[in-house]
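In what follows, chains are A, B, ... by sequence order, proteins preceding strands, each numbered from 1. Remember, it's a predicted structure, so these values are computed and weren't measured experimentally.
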2 protein chains.
Amino acid sequence: MPEPTQTKASPNMADTDIAIVRIAPETSFKNKAYEALKEAILKMDIYATPEPVMLDERALSERLGVSRTPIREAIAMLEQDGFVKTVPRRGIVVVRRTKAEIVDMIRAWAALESMAARLITTTARKKDITALRDFFKDFGPDRLPQDHVEEYSKANIAFHQALISLSESPVLVDLTNDLLLHVRGYRQLTIGRKDRTATSLPEHLGMIEALEARDTELAEKRARDHTLGLAAYVEAHGQELFT
Amino acid sequence: MPEPTQTKASPNMADTDIAIVRIAPETSFKNKAYEALKEAILKMDIYATPEPVMLDERALSERLGVSRTPIREAIAMLEQDGFVKTVPRRGIVVVRRTKAEIVDMIRAWAALESMAARLITTTARKKDITALRDFFKDFGPDRLPQDHVEEYSKANIAFHQALISLSESPVLVDLTNDLLLHVRGYRQLTIGRKDRTATSLPEHLGMIEALEARDTELAEKRARDHTLGLAAYVEAHGQELFT
DNA sequence: CCGTAGTTTTTGGCATGCCAAATACCAGGA
DNA sequence: TCCTGGTATTTGGCATGCCAAAAACTACGG
């Protein structure tokens, strides 16, 4: 989280134009461990192995070169995020989501994104809305998304995040980011696979059009339906991805 | 203070014959501290005093009778929740939200609740939907909500939580609960004060009607508009509540 | 071979103690 | 009186080490 630099007012520092650089935040080991572990967890494919993935405090502390204390604090934070669950005298396990949970998360995401769309129609600048098209400028009739799934998937995520950001609502941004982190754990379904990719692009363009037209209700509906479509897709075809 | 009192209560399993007692959850000090601090923070009126409310690790550990370690872990968790913010060598401060942040949270709440309403129209049982009316059975033309604001406010919260629960979506339930905890910090605006209370009841009944009618779009719209109404209210009249 | 009681090892939970940064406090000088 | 520099104190960050509950491992009797 970017910190609002608080410049303390000293009695007579009024005109001193010395570059008063904000002293380094010096992230603590606790936070470093948190970031490191979070990234590691997101990077690993949790659903590949049948047996649950376990973490070991001592091993981690040795690995990261710090004592167990900051590691434990980081674990506590990750547990709040729902990435990890520590069982009293048994160990720390990386949480695996069920299909139902993922579908549920995608629905919540749909709710938040449709609200973002609603807000955007009333506050965003035309220019910024139009800029959303750029995410898909590399795709078209002669370069179909379904022929470059991986690349399109990246553009897809970027588009959604940019969209939410346009709402200028920190809460919506943070909540959807959290949800996305969980949903993306399923990298097999890179946010809708080949068969869904085909319908994805037109839907995105439709959303942008509604936003440009400042049609609040329509933009909200299109954003909602688009993501609910993904939820329905996962619910119907995601069976094999979950054991 | 925190002596090596690691002595746990002896398990008196002498009399019980085959009680299939589940593995004892035995909440840790860390979790106890988390719950205790969370409740304390929610209970205090953060916005009453002009200067920021600070917490002291050592004082808390003495207060709760445990060492600093579990306290620090609990603080780390609370920080993830956004209730608290620890500044390196300065202290732990209870976070105060700005009006804009509260409004933002209420909007997100509106988004989630409208999605809940949508889901309810397709899955909830008629009986459960109708049961929502019970929350307001004590109010009517001869006992106006605006004459019993405190009581009505409680019913209000309970209604919203029951509503979301009907969606049977753990994610929606958890996310809204978290948001509510933050928003409720402003107990002055007990979720819409007197002047808003008057319009609240009819809106709630309208929502219930739409749900019973299984009118997905209407239920969603009414739920959304109702809560967005609160957001607009706070944005317009909440000025004096924030410094 | 199997089950079982006893023993060792592993693992998270906590208490303690020290460190450095920040702050509060204080005495001496212009 | 107001600085100013130096010192004591406060406060979060971390490293360590011990504890008890579990699990893993062993030895032994049937």
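The minimum heavy-atom distance between A76(A) and E73(B), with the atom names listed, is CB-O, 4.1 Å. Taking both residues in full, the closest heavy atoms of Y34(B) and A74(B) are given as N-CB, 3.6 Å, listed atom of the first, atom of the second, then distance.
Just one of Q161(B), K154(B), H160(B) meets the side chain to side chain contact (heavy atoms under 4.5 Å, CB included) condition when paired with I157(B); it is Q161(B).
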Exercise. Should H182(B) and D178(B) be marked as a side chain to side chain donor-acceptor pair (under 3.5 Å) after you check the CA-CA gap, both sets of side-chain angles, and the distance that decides it?
Worked result: CA-CA 7 Å; H182(B) 284 284; D178(B) 285 349; over 6 Å; no
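R89(B) places its CZ atom 7 Å from the P atom of dA22(C), with the value rounded to the nearest Å. If you measure from atom CD of E79(A) to atom P of dG12(C), you get 12 Å, rounded to the nearest angstrom. One interatomic measurement links the two molecules: CE of M54(A) to C1' of dT10(C), which rounds to 12 Å at whole-angstrom precision. Atom CZ of R72(A) is separated from atom P of dA15(C) by 11 Å (rounded to the nearest Å). Protein atom CG of L55(A) is 9 Å distant from nucleotide atom P of dG12(C), rounded to whole Å. Between I75(B) atom CD1 and dC14(C) atom P there is a gap of 15 Å when expressed in whole angstrom units. dG12(C) atom C1' lies 12 Å from atom CG of N31(B), rounded to whole Å. Spacing between atom OH of Y34(A) and atom C1' of dC14(D) amounts to 20 Å, rounded to whole angstrom units.
Between E113(A) atom CD and I106(A) atom CD1 the span is 11.5 Å, to the nearest 0.5 Å.
When distances run from any side-chain atom of S28(A) to the nucleotides dC14(D), dG13(C), dA21(C), the shortest one goes to dC14(D). Checked against dC14(D), dC14(C), dG12(C), the side chain of K30(A) finds its nearest nucleotide in dC14(D).
Look at R72(A) and E57(A) and you find a salt bridge, because one of the NZ, NE, NH1 or NH2 atoms lies within 4.0 Å of a carboxylate O, short of that distance.
Within residues 56-71 of chain A, the residues having any heavy atom under 4.0 Å from DNA chain D are, by residue number, V66(A), S67(A), R68(A), T69(A), P70(A).
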